[in-house]
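Keep in mind that what you see is a predicted model, and the values were worked out from it rather than measured.
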Amino acid sequence: MKIKFFAVAAALIAASANAQSIYTIEGLSSEDLNGTARFVGMGGALSALGADISTMGTNPAGTGLFRHADVAFSTGILSLTDGQTFDGHHKARVSFDQAGIVYPFHLSDEGSMRYFNIGFNYHKRKNFHSLLAADQVLGEASQTWQMSDLSSFWGGNDKGTPLAVAGYQTYLYEDLGTKDDQGYEQYSVYNGVSNTYRKSTSGSVQQYDLNMSANFSDRYFFGLTVGFYNVDVDSYSLYGEALADLNNSSIGNYMFSNDRSLSGTGVDFRLGTIIYPIEGSSFRLGLTVTSPVWYSLTANCTNIMNSQINGTNYDYRTEVGDHDFNVHTPWKFNIAAGGTIADFLALGAEYEYADYSASKLSYDNGYDDWGWNDEVKDRSMNREINHFLKGVSTLRLGAEGKFGYGISLRLGYNYVSSPMKKSAFENQFINSAAVDYATSTAYVNPGDINRYTVGAGYRGNHFYADFAYQYQQQNGEFHAFNTQRGDESGATPNDAPMTKLKLDRNQFLLTLGYKF
């Protein structure tokens, strides 16, 4: 018989699995539109136009068009349109978004190689600042059903995932002492009446680029960028559910908190070129190939479950200590075109493609006889990635008009297709090591992204200042839990209601720079 207690699931601390999922993979594979205010104001469509510090992150050859040294710093404010204050986090947050320098070495005016340039740039690749709120009428469906299904499916004394263990220890479901026709243990469960969910996420993926580029005959530009990444993300969520017995009479409620952190490092490289195909014309083409980011990550989590069943309180605490894993994001390919008209109007357009279904999750397994790190692939989770993630297309368009007195005005647009198939869900009924650390069942399927940007700038003899505003529109679909035993068809009766979310964001960005 279970007893009322407050315990630490110490056995979990020593294990080597993790609670990663297709949603973790998507978050690390995607990126924001961020950088200098000029770059953002033009929708990032500078991979063919070049001559901006931020281009070393999209086309390394872009810095090859510099003929004077340039240093720039950018800061801004990120604001959530529909965010609700939770856990001390507010809708708006100040962000340090970019700092970089490009230094050109003039080699020749007539020779083949005219300039060799080197550069460094920091920018916030992805800002995870978000606030999520959802309240649902459940219509008898309950997260406790999924807990009992996980225990039945996995069997044994561990009762499935850490969340299912916590539910069992706080009397949210109980053994019936019988098995179904397929030999699975059966449990008594409660009906769900309503639920509430709140989550705050903070932190970011920071990108540090080292760049070199070369100018050949002022027509051919080539570049290489090596990127280094730092991951530092924290989230805190609170889920509560009101319960009823099978006759729909109220019997109590439960609530659990989930405090999770993710940290680590990564590296990638990208090769790029810009070519003027028509002599005497400003029209140019750009091409970039970007390797996967090879992330080495560590996560940990604390989950606290509190239930009140028929007037009795139960508590259980689960601590999932540091556990390591690796993520390999997909390759990216970018093709771009751009040019200027009468030294007044600059136009840029580009298309980028990345197959998110090719991302991989693995774990370190020490070193082989040759001294190389030996990785173990999570084949079950990788099948989920391949099945539910898909190719992502990104379109970037931008324009800049130069007026008198050093004033410029800019416009930009981005379209980013959804990385998830409509049928995607958090499947914890797979033979993945990641499931051993699943302390939550909630997930959000993100939709397409539309970004609209405007900007303005001033250029003096040396000093310059740029401002940009970005509005990012995106919808999402929130699910507190999913169907029994991972039934993708939706034929089982425990479908959680879906709540439509508006994930819109606003960014205000200021860049101060100096050319010398």
**Item:** Centroid separation Y413 to Y452 less than 6.0 Å
**Value:** yes
**Message:** Does either side chain, that of S235 or that of K199, offer a donor lying less than 3.5 Å from an acceptor on the other one?
**Reply:** no
**Message:** Quick one about T81 and K502 (side-chain donor to acceptor, distance below 3.5 Å, no hydrogens or angles considered), yes or no?
**Reply:** no
**Prompt:** Any side-chain donor-acceptor pair under 3.5 Å between S151 and Y173?
**Reply:** yes
**Request:** Tell me, yes or no, whether the heavy-atom count around K421 atom NZ, taken from other residues, nucleotides or ligands under 6.0 Å, exceeds 12.
**Result:** yes
**Message:** Under a 3.5 Å threshold, yes or no: a donor from one side chain and an acceptor from the other, between S393 and S417?
**Reply:** no
**Prompt:** Does a side chain donor of either Q98 or S54 reach within less than 3.5 Å of an acceptor in the other side chain?
**Reply:** no
**Asked** Strictly by modelled atom types, are N334 and E350 linked by a side-chain donor-acceptor pair under 3.5 Å?
**Response** yes
**Request:** With ring-ring contact (aromatic ring centres under 6.0 Å, His included) as the test, would you mind laying out the steps for Y168 and Y316 before giving the verdict?
**Result:** CA-CA 10 Å; Y168 182 76; Y316 192 80; 9.9 Å; no
**Item:** Side-chain donor-acceptor contact under 3.5 Å, T225 with D209
**Value:** no
**Message:** Less than 3.5 Å apart, any donor N or O on the side chain of E241 or Y239 sitting next to an acceptor on the other?
**Reply:** yes
**Request:** Classify the side-chain pair D268/Y229 by whether it contains a donor and acceptor separated by less than 3.5 Å.
**Result:** yes
**Request:** Report yes if the distance between the aromatic ring centroids of Y314 and Y254 is under 6.0 Å, otherwise no.
**Result:** no
**Prompt:** What about F388 and F425, are their ring centers closer than 6.0 Å?
**Reply:** yes
**Item:** Residue pair S79 / N506, side-chain donor-acceptor N/O under 3.5 Å
**Value:** no
**Donor-acceptor side-chain pairing of D364 and N326 below 3.5 angstrom** = yes
**Message:** Just by distance, no angles: are the side chains of N191 and N248 close enough, under 3.5 Å, to form a donor-acceptor pair?
**Reply:** yes
**Item:** Residue pair S261, N300: steps toward the side chain to side chain donor-acceptor pair (under 3.5 Å) verdict
**Value:** CA-CA 6 Å; S261 69; N300 59 67; 2.9 Å; yes
**Prompt:** Is a side-chain donor-acceptor pair under 3.5 Å present for D232 with S263?
**Reply:** no
**Prompt:** Do T394 and E352 have side-chain N/O donor and acceptor atoms under 3.5 Å apart?
**Reply:** no
**Request:** May I ask you to check whether S204 and N127 show a side-chain donor-acceptor distance below 3.5 Å?
**Result:** no
**Message:** Tell me if the CD1 atom of I430 is crowded by more than 12 foreign heavy atoms within 6.0 Å.
**Reply:** yes
**Asked** Are a donor atom and an acceptor atom from the side chains of N34 and D97 found within less than 3.5 Å of each other?
**Response** yes
**Prompt:** Is it the case that N445 and E477 place a side-chain donor and acceptor less than 3.5 Å from each other?
**Reply:** no
